[in-house]
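Everything numeric here is computed off the predicted structure, so don't read it as measured data.
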Amino acid sequence: MSERRNPEGQFQLANERTYLAWLRTALALVASGVAAARLLAGQTLPWAWETVGVLLILAGVVTAALARRRWRAMDAAIREGEPLPAPGIAVMIAGVIVICGLITTALLLGTNPGHVP
């Protein structure tokens with residue numbers, strides 16, 4: 001096992017900023033999910049908008065939960081001089097955004113904007 005060292009402050013601060021960015025991303029996902037589920041639920045196919053909302057909210061919750069774990073893994077890698085872990089959270093978020101974006105596009109193309117329910 002390699003010797004633990006105290007990394008330069010700039011690396012620790014960069015890791016902390018990245019952690020906070022993941023938390024902001026999680027908050028944005030949750031807020032977007034609430035907006036999709038509640039504000040757009042009056043549109044046609046409310047279950048579809050609610051599904052998009054729930055997917056976004058769950059992605060936000062998972063992102064917030066994994067952000068701390070990622071911060072600790074990055075901190076350990078920096079301290080031990082090991083390669084940095086792969087950004088698995090980013091892949092998960094990208095997947096959810098693509099899925100929700102495709103569903104939203106299909107829903108918007110299938111609705112009549114002049115139609116008031």
Side-chain angles (χ1 to χ4, degrees):
M1 183 200 266
S2 57
E3 180 180 323
R4 286 182 64 89
R5 58 190 173 95
N6 210 3
E8 291 183 36
Q10 69 181 6
F11 296 120
Q12 289 177 312
L13 291 173
N15 190 29
E16 185 174 330
R17 282 190 303 272
T18 303
Y19 171 62
L20 294 172
W22 284 121
L23 292 179
R24 285 190 301 274
T25 300
L27 181 60
L29 287 166
V30 169
S32 298
V34 169
R38 291 295 168 236
L39 299 178
L40 298 172
Q43 303 292 323
T44 58
L45 300 174
W47 62 267
W49 291 109
E50 290 172 357
T51 301
V52 169
V54 168
L55 284 173
L56 290 169
I57 291 168
L58 289 175
V61 169
V62 170
T63 298
L66 294 178
R68 176 72 177 171
R69 185 173 140 198
R70 176 152 175 82
W71 176 83
R72 292 185 69 162
M74 292 289 283
D75 186 61
I78 291 169
R79 288 180 185 279
E80 296 174 14
E82 295 180 356
L84 300 178
I89 299 174
V91 173
M92 183 271 307
I93 291 172
V96 170
I97 290 172
V98 166
I99 291 168
C100 290
L102 291 172
I103 294 171
T104 300
T105 300
L107 288 169
L108 290 175
L109 290 174
T111 59
N112 181 357
H115 175 347
V116 179

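Here Arg69 pairs with Leu66 under the side-chain contact (heavy atoms from CB on, under 4.5 Å) rule; sequence neighbours left out.
Residues Pro83 and Ala77 come closest through the heavy atom pair O-CB, 3.6 Å.
Hydrophobic clustering keeps Tyr19 apart from Val62 (ILVMFWY residues linked when any side-chain heavy atoms are closer than 4.5 Å, directly or through intermediates).
For the atom pair Arg17 CZ and Trp71 CH2, the distance stands at 14.0 Å (nearest 0.5 Å). To the nearest 0.5 Å, atoms CZ (Arg70) and CG (Asn15) are separated by 8.0 Å. Going from atom CE of Met74 over to atom CZ of Phe11 covers 11.0 Å, rounded to the nearest 0.5 Å. Distance check, rounded to the nearest 0.5 Å: CG of Leu13 to OG1 of Thr18 gives 10.5 Å.
In this structure, Leu58 shares a hydrophobic cluster with Val54, the cluster being traced through Ile, Leu, Val, Met, Phe, Trp and Tyr side chains under 4.5 angstrom apart.
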Distance-only donor-acceptor hits, side chain of residues 86-110, under 3.5 Å, sequence neighbours excluded:
unit_1, atom_1, unit_2, atom_2, d
Thr104, OG1, Cys100, O, 2.7
Thr105, OG1, Gly101, O, 2.8

Using atom types as modelled, flag every donor-acceptor pair under 3.5 Å from a side chain in residues 22-34 to any protein atom, sequence neighbours excluded.
unit_1, atom_1, unit_2, atom_2, d
Thr25, OG1, Ala21, O, 2.9
Ser32, OG, Ala28, O, 2.8

